[in-house]
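Okay, so here's the structure we're looking at.
Sequential numbering from 1 along the given sequence is applied to the chain's residues. Whatever order the structure lists ligands and atoms in, that order sets their numbers, starting from 1.
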Amino acid sequence: MSTDELRERALASLHRIGAAVPEGTGLHARSPITGENLFALRATTAEETERAIGEAAEAFRTWRTTPAPVRGELVRTLGDLLRAHKSDLADLITIEAGKIRSEALGEVQEMIDICDFAVGLSRQLYGRTIASERPGHRLAETWHPLGVVGVVSAFNFPAAVWSWNTAIALVCGDAVVWKPSELTPLVSLAASHLLDRALEQTGAPRELHRLLLGGRETGELLVDDPRVSLVSATGSTRMGREIGPRVAARFGRVLLELGGNNATVVAPSADLDLALQGIVFAAAGTAGQRCTTLRRLIVHRDIADQLVERLAAAYGRLPIGDPFDEGTLVGPLITGTAADAMATALERAQAEGGKIVAGGRRVGTNSGAYVEPAIVRMPKQTGVVREETFAPILYVLTYDTFEQAVALQNDVPQGLSSSIFTRDQQEAERFLAADGSDCGIANVNIGTSGAEIGGAFGGEKETGGGRESGSDAWRAYMRRATNTINYSSALALAQNVSFL
Ligand code: NAD
C-alpha cells in the first residue's frame, strides 16, 4: 500500500470513530509499512500537560465516590464501542505499528476482553474480614480508589496496554492520564476518542481521561508530578531504569512492564510438531516485536539438529511484506533504527561464535524496514544473547541435563516469559516449581507469547516486577485501608498492653 493510500485509510478509520487529527507541529504520525510520514501533529505543551493532570485530579474527586458497579457501566460502554469499531482501530494499529491484520484485530479483541473483565470486577473489589485477637472487635480491610494513574505505553501494543490499565483503573475509581508512544499517535487519538464518547454517553466526567501527545519529555512531566499517584509504564528496561527512581523519590507508586528475553526449553520427549508451531509464532510473529517474543531456544542436544533444520525450513516459507496483504505473516520493523540494531546484534552474535542458519537479511524495496527473521546457533549464552534486541532473532542453545536447561533459562537479567515443550510430567512440574523458571510467566507445551487477559501479566528482575491485566492485578490501582471496629463497651488494647 502506498503512503497516500495509508493516509486515506487512516483518515477514513479516524472519521468513522469520530476522532480528529490535531494538525500542527511537534510530532509526526508515520507508517512503518512505507517508512514515511503521514501527518504532522500538534504535540501537547508543558502547560497543557500541567492542566490535564489537574483536571484529571479534580475529576477523580467525584469519580471515587461513584459506586463501583456504576463505574463499570462506563467500561461496558467503552467495550461496546470497541466492538463496533474493532476493524477501524485494527486498521490504525496496522498502519502505525505494522501488525498483520489478524494480530491487529487480536489486539482490539484483547481490549474488549479486558473491558468485560473489568465490568465483572466492578462488582468484585473484595476486601477481607480478618479474625481479631480482641473480643467485640472486627478487623477488616477496605479498598479505596487511588488517584490519578499515569499510563506511559510502548509502540508495540499501542492500544491494548492502555486498555489493560485504563479499564481496570476506571472501575477502581481512578482517573487516567495517558502518554502513549510517540510512534503511534493516531491509535491513541482513536482509542482515547472512543473513551471520550463512552464518558459522554454515561454522563461521567470528561476529564477522567486525558491524552498527552509527545515524547519522553512529556512522559517525564507525568513521572515527576506528585498529583500522579501511580505511574504504570510499559517499555524498555532503559526507560524503567530512568523513571523508577524518579517516581520513588517522590514516594509515588510505580508499576513497571519492561523488556523480556524469553526462552523455550525443548525436551527430548517433546511433540516436535507442536513445538515447531509454537516456536515459529512466538519467535517470528509480530516481526519479533512483542515483549514476550521468543528470543532463546534451549533445546536438548539429541534433537537440536533435527529441530533447527525444520525451523529453518519453516522460516524460509514465511511471507514477509505489507501487513495489509492477505497471507503476510511478517510485517515491517517499526523503524530503520530497529533494523540496524538487528544487523548489529547479528554481527555481534557471529563475533561471539554464533552461526546464522536462517534469515537475517533486509528485504523490500521501499523505505520500510522489512527483515527476514533470523535463527542463530550459539556455542553458549554470550553477551548479545543476554540482551533484548527488539527484532526477530532466535538464538539456539543446546543442553544435556534438565538442570542445565533451567540454569540457562534463568541466567539472563530479564524475567518475563518462559516455556517448556515436554511430555514428561515430572519435568513440566519441575519447570514450574520454585526452583524452576524464574519468570512471571511460565508455560507448558505452548510458546512464550500470546497471554490471555485473565491472568496477571508481567515479569521479574529487569522486567520490572509489575503485574497488569487479570487476576488480582487491580490491587495496584487502589489503596488499602485496614479498619479495626470496636463494638464492645471495653477498650482492649492489642497484644494485651495495659495503659491507664
Ligand atoms: P521505549 O522505552 O522506547 O518507550 C516506551 C514509552 O516510554 C514511550 O511512550 C516513551 O515516550 C516513554 N519514555 C521513554 N523514556 C522515558 C522517560 N525517561 N520518562 C518518561 N517516559 C519515557 O519502548 P518502545 O521501543 O516503545 O517499546 C519496546 C520495549 O517495550 C521493549 O523493550 C519491550 O520488551 C517493552 N515492552 C514491555 C511490555 C511488558 O508488558 N513487559 C509490553 C510491551 C513492550
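The ligand atoms of ligand 1 that sit less than 4.0 angstrom from a heavy atom of Ser181 are 9 (O). Near Gly259, meaning under 4.0 Å from any of its heavy atoms, are these atoms of ligand 1: 32 (O), 34 (O). For ligand 1, the atoms lying closer than 4.0 Å to a non-hydrogen atom of Glu220 are 18 (N), 19 (N), 20 (C).
A donor-acceptor pair under 3.5 Å links the side-chain atoms of Thr463 to the main chain of Gly415, judged by distance alone. Looking at Gln289, its side chain does come within 3.5 Å of a backbone N or O of Ile334 through a donor-acceptor pair. Using modelled atom types, no side-chain atom of Glu107 and backbone atom of Glu103 make a donor-acceptor pair closer than 3.5 Å.
The part of Val152 lying near ligand 1 is the side chain, judged by heavy-atom distances below 4.0 Å. Contacts with ligand 1 closer than 4.0 Å are made by side-chain heavy atoms of Glu182 only, the backbone lying farther away. Residue-level proximity to ligand 1 for Glu257 is carried by backbone and side chain together, each with a heavy atom below 4.0 angstrom. Only the side chain of Glu388 comes within 4.0 Å of ligand 1, counting heavy atoms alone; its backbone N, CA, C and O stay farther away.
Protein heavy atom closest to atom 5 (C) of ligand 1, with residue, atom name and distance, is Thr234 O, 3.5 Å. Ranking the protein heavy atoms by distance from atom 19 (N) of ligand 1 puts Ile243 CG2, 3.3 Å first. Scanning the protein for heavy atoms near atom 9 (O) of ligand 1, the closest one is Ser153 O, 2.8 Å.
For the pair Leu222 and Val231, the tightest heavy-atom approach, listed with the atom from each and the gap, is O-CG2, 4.3 Å.
Note on ligand 1: Pro180 sits in its first shell, one or more heavy atoms being nearer than 4.0 Å. Using a non-hydrogen distance threshold of 4.0 Å, Phe157 does not register as a contact of ligand 1. Put simply, part of Arg238 is less than 4.0 Å from ligand 1, judged by heavy atoms.
Ser232 and Glu468 form a side-chain donor-acceptor contact under 3.5 Å, judged by distance and modelled atom types alone. Asn165 and Tyr477 share a donor-acceptor pair across their side chains, judged by distance under 3.5 Å alone. Using a 3.5 Å distance cut-off with no hydrogens or angles, the side chains of Arg30 and Thr3 do not pair a donor with an acceptor. Counted by atom type alone, Thr264 and Ser419 present one or more donor-acceptor pairs between their side chains at under 3.5 Å.
Counting only residues at least two apart or on different chains, the ring-ring contact (aromatic ring centres under 6.0 Å, His included) pairs with a member in residues 167-187 are Trp162-Trp178.
Taking distance alone, with nitrogen or oxygen atoms compared against 3.5 Å, Arg290 stays at or beyond that limit from ligand 1. Checking only distances, Lys179 does come within under 3.5 Å of ligand 1, N or O to N or O. For Trp164, no nitrogen or oxygen atom sits less than 3.5 Å from a nitrogen or oxygen atom of ligand 1, counting backbone and side chain alike. The shortest N or O to N or O distance between Asn156 and ligand 1 is not under 3.5 Å. Considering backbone and side-chain N/O atoms, Gly214 never comes within less than 3.5 Å of an N/O atom of ligand 1.
Paired with Ile453 under the rule side-chain contact (heavy atoms from CB on, under 4.5 Å), one option of Met111, Glu110, Gln109 passes, and it is Glu110.
Within the set Phe155, Phe457, Trp178, Phe390, the minimum heavy-atom distance to atom 26 (O) of ligand 1 is found for Phe155. Summarising the contacts of atom 17 (C) of ligand 1 with Arg216, Glu468, Gln289, the nearest heavy atom is found in Arg216. Closest heavy-atom approach to atom 35 (C) of ligand 1 within the set Gly235, Ala160, Ser188: this belongs to Gly235.
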If you look only at distance, which donor and acceptor atoms sit under 3.5 Å apart when one is on a side chain in residues 186-196 and the other is two or more places apart or in another chain?
unit_1, atom_1, unit_2, atom_2, d
Ser188, OG, Thr184, O, 3.3
Ser188, OG, Pro185, O, 2.8
His193, NE2, Gly18, O, 3.1

Practice task
Test Arg295 against Ser417 for side chain to side chain donor-acceptor pair (under 3.5 Å), laying out the working first.
Solution key: CA-CA 10 Å; Arg295 310 202 179 278; Ser417 187; over 6 Å; no
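In this structure, atom 15 (N) of ligand 1 is in close contact with the protein, since a protein heavy atom lies within 4.0 Å of it.
Here the straight-line distance linking atom CD of Glu48 with atom CG of Leu213 works out to 10.0 Å at 0.5 Å rounding.
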